[in-house]
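Read through the structure below, which is laid out as structure tokens, and then see the notes.
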Amino acid sequence: MTNCPTLIVTVGLPARGKTYISKKLTRYLNWIGVPTKEFNVGEYRRECVKIYKSFEFFRADNEEGLKIRKQCALAALNDVRQYLSVEGGQVAVFDATNTTRERRVTITRFAEQNGYKVFFVESLCEDPNVIAENIVQVKLGSPDYTDRNTEEAIQDFMKRIKCYENSYQPLDENLDGDLSYIKIMDVGQRYLVNRVLDHIQSRIVYYLMNIHITPRSIYLCRHGESDLNVRGRIGGDSGLSPRGKEFAQGLGRFIQDQNIKDLKVWTSQMKRTIQTGESLGVPYEQWKALNEIDAGVCEEMMYEEIQEHFPLEFALRDQDKYRYRYPKGESYEDLVQRLEPVIMELERQENVLVICHQAVMRCLLAYFLDKSAEELPYLKCPLHTVLKLTPVAYGCKVESIYLNVEAVNTHRDRPENVDISRLAEEALFTVPAHY
Amino acid sequence: MITFKTTILSIIWDFMTAKICMTNCPTLIVTVGLPARGKTYISKKLTRYLNWIGVPTKEFNVGEYRRECVKIYKSFEFFRADNEEGLKIRKQCALAALNDVRQYLSVEGGQVAVFDATNTTRERRVTITRFAEQNGYKVFFVESLCEDPNVIAENIVQVKLGSPDYTDRNTEEAIQDFMKRIKCYENSYQPLDENLDGDLSYIKIMDVGQRYLVNRVLDHIQSRIVYYLMNIHITPRSIYLCRHGESDLNVRGRIGGDSGLSPRGKEFAQGLGRFIQDQNIKDLKVWTSQMKRTIQTGESLGVPYEQWKALNEIDAGVCEEMMYEEIQEHFPLEFALRDQDKYRYRYPKGESYEDLVQRLEPVIMELERQENVLVICHQAVMRCLLAYFLDKSAEELPYLKCPLHTVLKLTPVAYGCKVESIYLNVEAVNTHRDRPENVDISRLAEEALFTVPAHY
């Protein structure tokens, strides 16, 4: 059927980035609204075999080991079926080595029986530097090696890789010509793409072809405090307040002190971010897609005025802030769709500073920190604070830098009473102070 | 005589004359492949797409240069690998085309040039790569490989038989000659090689998109080109474009808003449903925007449809729901500025056609992936989509005629699109306002309103 679930299956030797790809892809798909979950067979194995002894477990002639590993794979597939066929998931990522054709046939049969489409993602890499860095970043800290020293851990892991190498059957152009897959070679230098079947596979391929692992940092911040911020009004297109201008200057100094290599600066097409960007004295690019959420009929209103003129809308928004669309305006859900090309280009780029707006920054932050649709609209993104995001291991390190220029608080928490019958005071209880 | 010293000198020369490639340096796309592998189809389609999304692109077909040079095509013998005269002319034509490429990219401000030729030998590709280095262009190769005889035969029928080369041959002769022409290239064909060409940036398209090999994508534009090429197909299909039925605001001469259908608009929706049934289209997908008037139209069809926010009408900002007469009264300056540059003009707190195109790009990408689709949208939106399919410029786009109650059936054929216009015989107001003669900000109200269509 057109909307049948998709089972993504990783393929590759250990330390080839399968889990990195699985987690990142899962995060991306969930952010764009496709319910996705990853199933790491290694985790099932750790559940089953509480204590990891050595690479011997993975020897091709270890009958007991093979039996346990197969059981774990089947247990994971069972949970996949639960997720896709019962819980309403759309995509499942089956993260394991899956290095033999036999194992892949088992999985393909399972998918056929359940009406899932299968898409393989194979990662091939022989660059010893990349593999070594991989081991340092994510293997040394693994539960498998908590009580080993670095030297021992590396030795053991290299032998573990060796156990797989002899039986490894990479996806083959001829033997596997009927399967849908992408082969990623040498961390994205080259790709082989075979039989992309539908929209979601096409998007997955595009995403995988745009991500990289070159170290870099992404800086997110809002424009400096604006005149409308000071007056407690939302939206609009006002300029910076005196304190906002001070922040912009401070941001310029901060950027210089950080001494960032080849920093790109992006702003929206609204005055307040452009003014902030101008202050930096470096080239910047304006993106309409980074404009603040359109509050439609509520543009330039104070929350008190929204409560007075549109109390029903105000309550509906509190009930489902992610999906709620302002009349003649947008929702956070719309924002995410609008921001997808920004995220795609951020993935391609290296060091970038994005000067944007509260709702926009919440959406971008939710992508990087894997926040749900429920949490996203309430993420704290205060004025005059830069968030420095640095990818590390499977996630993102966040450093928050307050540039020491005071500003109003624009964060309104979800009030306790979101019922349409609530009183004005209950609706306005969490409105932040303003002039 | 080529000596070691000569080689060193040429390397130094290349290094000294190579322009440093800045981030926004132009891109030279180079096709590679035997005849009848879809290189020109890909070149033209890619050029059309890049221009539509705002990247100035031009294609340079070496075959056309050859036809200019050798006025009359005699036979495949011209292409024999041992035809010295033929080789000389063909090389001259390639160099003439490259010269025009340089003119376009370095003088005229073009951003992408598509060099469409067989380029089947490594030697020819080295010549091109050197040319690009000297001029500071990035090179991206697009190779098409196909051995399916059915595909090649269909290709020959669609675009070769009608070629100027074969106007005075009958079909049988033309096919025979063309097959021998292909043979001339086969012996010397050196496909891009994973090892020997590992440093080049390229995409190999195999068997009309069943498989792709992508090597060293360097930047944003190459990434977008790869994504586009991986989404297009050549399966026959038709795309139906129409607007919602006449709306209440249409009748009153007001723009934008979110009104429902007028009685005539409802009649059209019914007619559209009957039309769709009569057409008996295989697996038709129906898309609407998220505005009432297209949804109501879609509902009438009685088949499942998908709503796209991206298909919503252009946001007229402060001018929403106004009549043109009111816009002239309240915003005469804005009204004149819009007439001066309708494509780029953005309504205050609203959008421009240029914004619309960016918003519609995912719709176009999905339309390329799909087969038979009916898109029920709006005037400005339909103009943008139509401009993509019919390769209309930014200047023409905002003035394309997309009347109410008329379905446009677009069917890809050869290198372009066949258009059939079907008026469903339900009257509606005209909402098309031509560009007036006087677009000066000092113009009189009558001059501004001269081309406003009649309304109630």
Side-chain angles (χ1 to χ4, degrees), chain A residues 2-3 173 177-178 180-186 188-203 205-212 235-237 262 264 269-270 283 285 287-289 291 294 296 299-300 325 327-331 333-334 337-338 340-341 344-345 347-349, chain B residues 23 194 198-207 209-224 226-233 256-258 283 285 290-291 304 306 308-310 312 315 317 320-321 346 348-352 354-355 358-359 361-362 365-366 368-370:
Chain A
T2 335
N3 276 336
E173 266 177 45
D178 283 345
S180 295
Y181 64 83
I182 178 171
K183 253 185 203 277
I184 304 170
M185 295 166 274
D186 295 318
Q189 190 170 278
R190 196 160 74 250
Y191 305 91
L192 190 77
V193 178
N194 197 62
R195 292 192 189 266
V196 166
L197 291 182
D198 58 18
H199 176 84
I200 193 73
Q201 289 181 14
S202 165
R203 292 287 286 279
V205 164
Y206 183 42
Y207 182 72
L208 292 177
M209 289 176 55
N210 281 313
I211 61 181
H212 66 76
D237 192 16
D262 294 330
K264 296 263 168 73
Q269 287 185 355
M270 300 184 122
E285 199 180 324
W287 290 68
K288 187 173 191 279
N291 281 7
D294 184 352
E299 277 284 318
E300 301 200 37
R325 190 184 279 169
K328 302 194 174 181
E330 294 176 301
S331 62
E333 194 171 29
D334 295 329
Q337 194 166 54
R338 157 146 86 77
E340 201 263 351
M344 196 65 84
E345 191 55 24
E347 285 295 346
R348 291 198 53 80
Q349 292 290 341
Chain B
T23 334
E194 267 176 46
D199 283 343
L200 302 179
S201 296
Y202 65 82
I203 178 171
K204 254 183 202 279
I205 304 170
M206 293 165 277
D207 295 317
Q210 189 169 277
R211 196 159 73 249
Y212 305 90
L213 188 77
V214 179
N215 197 63
R216 292 191 188 266
V217 166
L218 291 181
D219 59 17
H220 176 82
I221 194 72
Q222 290 181 14
S223 166
R224 293 286 287 276
V226 164
Y227 184 41
Y228 182 71
L229 292 177
M230 288 176 55
N231 281 314
I232 61 180
H233 66 78
D258 192 15
D283 294 330
K285 295 264 169 75
Q290 287 186 354
M291 300 184 122
E306 199 180 322
W308 290 67
K309 184 171 195 276
N312 281 7
D315 185 352
E320 276 285 316
E321 301 198 38
R346 190 185 280 167
K349 303 197 175 177
E351 294 176 301
S352 63
E354 194 172 25
D355 295 329
Q358 195 167 53
R359 164 147 80 76
E361 199 264 350
M365 197 64 85
E366 191 55 22
E368 286 294 345
R369 291 199 54 80
Q370 292 290 340

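Residue numbers begin at 1 in each chain, while the letters A, B, ... track the order of the sequences.
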Test: A:E333 and B:K309 ion pair at under 4.0 Å:
no
Where does B:R369 contact chain A at under 4.5 Å (heavy atoms): side chain, backbone, both or neither?
side chain
salt_bridge(A:E300, B:K349) N-O dist < 4.0 Å:
yes
So what's closer than 4.5 Å to chain B heavy atoms on A:L197: side chain, backbone, both or neither?
backbone
Residue B:D355 versus chain A: region with a heavy atom under 4.5 Å
side chain
I'd like to know whether CD of A:Q337 has more than 12 heavy-atom contacts from other residues, nucleotides or ligands below 6.0 angstrom.
no
Of B:E361, B:Q290, B:R359, the largest count of non-hydrogen pairs under 4.5 angstrom with chain A goes to B:Q290
With a 4.5 Å limit on heavy-atom distance, are the side chains of B:Y228 and B:M230 in contact?
no
For the student: nearest non-hydrogen atoms of A:H212 and A:E347, plus distance
CD2-O, 3.0 Å
Applying a strict 4.5 Å limit to non-hydrogen atoms, the region of A:Q189 in contact with chain B is both
Where does A:N194 contact chain B at under 4.5 Å (heavy atoms): side chain, backbone, both or neither?
both
